[in-house]
**Student:** 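I am attaching a structure below and will ask some questions about it afterwards.
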Amino acid sequence: MGIDGTLAIRKGFPFGEFIQQCWFIAKVTAVPVVLISIPFGVIIALHVGSFAQQLGAESSIGAAMVLAIVRESAPVATALLIAGAGGSAMTADLGSRRIRNELDAMEVMGVDPIHRLVLPRLAAASLVALLLNGLVSVAGIAGGWVMAVPVQQGTSGAYFASFTELAHLPDLWSAMIKATLFGFLAASISCWYGYSVVGGPKSVGDAVNRAVVLTFIILFFTNFIGTALYFNLVPPKF
């Protein structure tokens, strides 16, 4: 499956399918990703707070939370939910269309399935991943506040004031770029497996499983490469 970058220019972008996919991906991922990010933020704050108390640096919990949640956890959590919920649905949908010969019928009628079905899914997953990244960051930081302030007897002022001690603007840009890239990768792998299904219904289920597993592996590997490049190209804030 190859994607011609000039398709959207020559044939027009399928905004209807794009909006529908954006709504579907956001609907199936928004609540689960928040429910995951809040306890995740609580756990990080618990460990960081305990370590900070041993060093006498309780006022820096907020700074550590921003680095852990915004720069690393939020993009990965967002991408995993999009791959697990939205990506599996993309694979199943395209795979079902393939075994029912709908994609072949579209080609016979002169409709390019890649432009009509795949392109809007790639764009929708990238956009929703970018938007959900901000939601996950807010939810994770809120969960960390619950542990750092009411439970560990910290202060809200110290928690929020320390946000800028270690974090700076490139951290936010890095998280946004990674979230968008991860969403695009998740959708690309899912659409590839769905578009390439051969056989019957069992092949669709096998394609979904392979797509989700491969997406998880590639996302973690890509995150490692991105983080390593970030630390080598962007100097830390002192």
Side-chain angles (χ1 to χ4, degrees), residues 21-52 61-92 121 124-152 154 159-160 163 167 171-190 208-227 230:
Q21 290 300 315
C22 284
W23 169 246
F24 172 76
I25 297 174
K27 181 176 63 175
V28 299
T29 58
V31 174
V33 81
V34 170
L35 294 179
I36 289 176
S37 59
I38 291 178
F40 195 73
V42 171
I43 293 174
I44 292 179
L46 177 62
H47 288 283
V48 172
S50 176
F51 183 69
I61 295 178
M65 288 296 301
V66 169
L67 291 180
I69 296 293
V70 174
R71 192 166 67 189
E72 294 298 330
S73 302
V76 174
T78 300
L80 292 182
L81 261 297
I82 287 182
S88 59
M90 293 180 192
T91 305
R121 283 165 171 77
S126 303
L127 177 61
V128 174
L130 175 62
L131 299 178
L132 285 181
N133 179 70
L135 180 62
V136 173
S137 300
V138 173
I141 291 174
W145 176 88
V146 172
M147 179 57 64
V149 178
V151 177
Q152 296 180 336
Y159 182 78
F160 291 110
F163 278 8
D171 295 326
L172 178 60
W173 288 115
S174 171
M176 295 173 64
I177 292 173
K178 286 201 295 186
T180 305
L181 176 61
F182 291 168
F184 179 83
L185 288 176
S188 299
I189 297 171
S190 301
V208 171
N209 293 333
R210 289 195 296 267
V212 172
V213 172
L214 180 61
T215 300
F216 281 17
I217 294 173
I218 290 181
L219 287 180
F220 280 111
F221 184 72
T222 305
N223 184 59
F224 165 73
I225 295 177
T227 301
Y230 179 84

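What you see is a predicted model, and the numbers here were worked out from it, not measured in a lab.
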**Student:** For residues Val33 and Ala30, report the shortest heavy-atom separation together with the two atoms involved.
**Tutor:**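 That closest heavy-atom pairing would be CG1-O, 3.2 Å.
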
**Student:** Hey, could you give me the CD1/CD1 distance between Ile141 and Ile38, rounded to the nearest 0.5 Å?
**Tutor:** 12.0 Å

**Student:** With sequence neighbours excluded, give me every side-chain hydrogen bond (donor to acceptor under 3.5 Å, both in side chains) pair touching residues 132-150.
**Tutor:** Trp145-Ser156

**Student:** Is the shortest side-chain heavy-atom distance between Leu127 and Ile25 below 4.5 Å?
**Tutor:**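 In short, these two side chains do not touch, never coming nearer than 4.5 Å.
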
**Student:** Do any side-chain atoms of residues 79-91 form donor-acceptor pairs under 3.5 angstrom with protein atoms, and if so which ones, sequence neighbours left out?
**Tutor:**
residue, atom, partner, partner atom, Å
Ser88, OG, Gly84, O, 2.7
Ser88, OG, Ala85, O, 3.0
Thr91, OG1, Gly87, O, 3.1
Thr91, OG1, Ser190, O, 2.9

**Student:** I need the Phe182 CZ to Thr215 OG1 distance, nearest 0.5 Å.
**Tutor:**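 Separation between the atoms: 12.0 Å.
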
**Student:** Looking at CD1 of Ile189 and CZ of Phe184, how far apart are the two atoms once the value is rounded to the nearest 0.5 Å?
**Tutor:** 10.5 Å

**Student:** According to salt bridge (charged side-chain N to carboxylate O under 4.0 Å, His left out), does anything in residues 26-48 pair up with another residue at least two apart or in another chain? List the pairs.
**Tutor:**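 Not a single pair qualifies under salt bridge (charged side-chain N to carboxylate O under 4.0 Å, His left out).
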
**Student:** What's the shortest heavy-atom distance between Ala139 and Ser37, and which atoms?
**Tutor:**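 That closest heavy-atom pairing would be CB-OG, 3.1 Å.
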
**Student:** Treating Lys178 as the side-chain partner and Thr222 as the backbone partner, does any N or O pair qualify as donor plus acceptor under 3.5 Å?
**Tutor:**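 No; zero donor-acceptor contacts below 3.5 Å.
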
**Student:** Determine, stepwise, if the pair Leu135 / Leu131 fulfils side-chain contact (heavy atoms from CB on, under 4.5 Å).
**Tutor:** CA-CA 7 Å; Leu135 180 62; Leu131 299 178; over 6 Å; no

**Student:** Dump the intermediate steps for side-chain contact (heavy atoms from CB on, under 4.5 Å) on Leu219 and Asn223, then the final yes or no.
**Tutor:** CA-CA 6 Å; Leu219 287 180; Asn223 184 59; over 6 Å; no

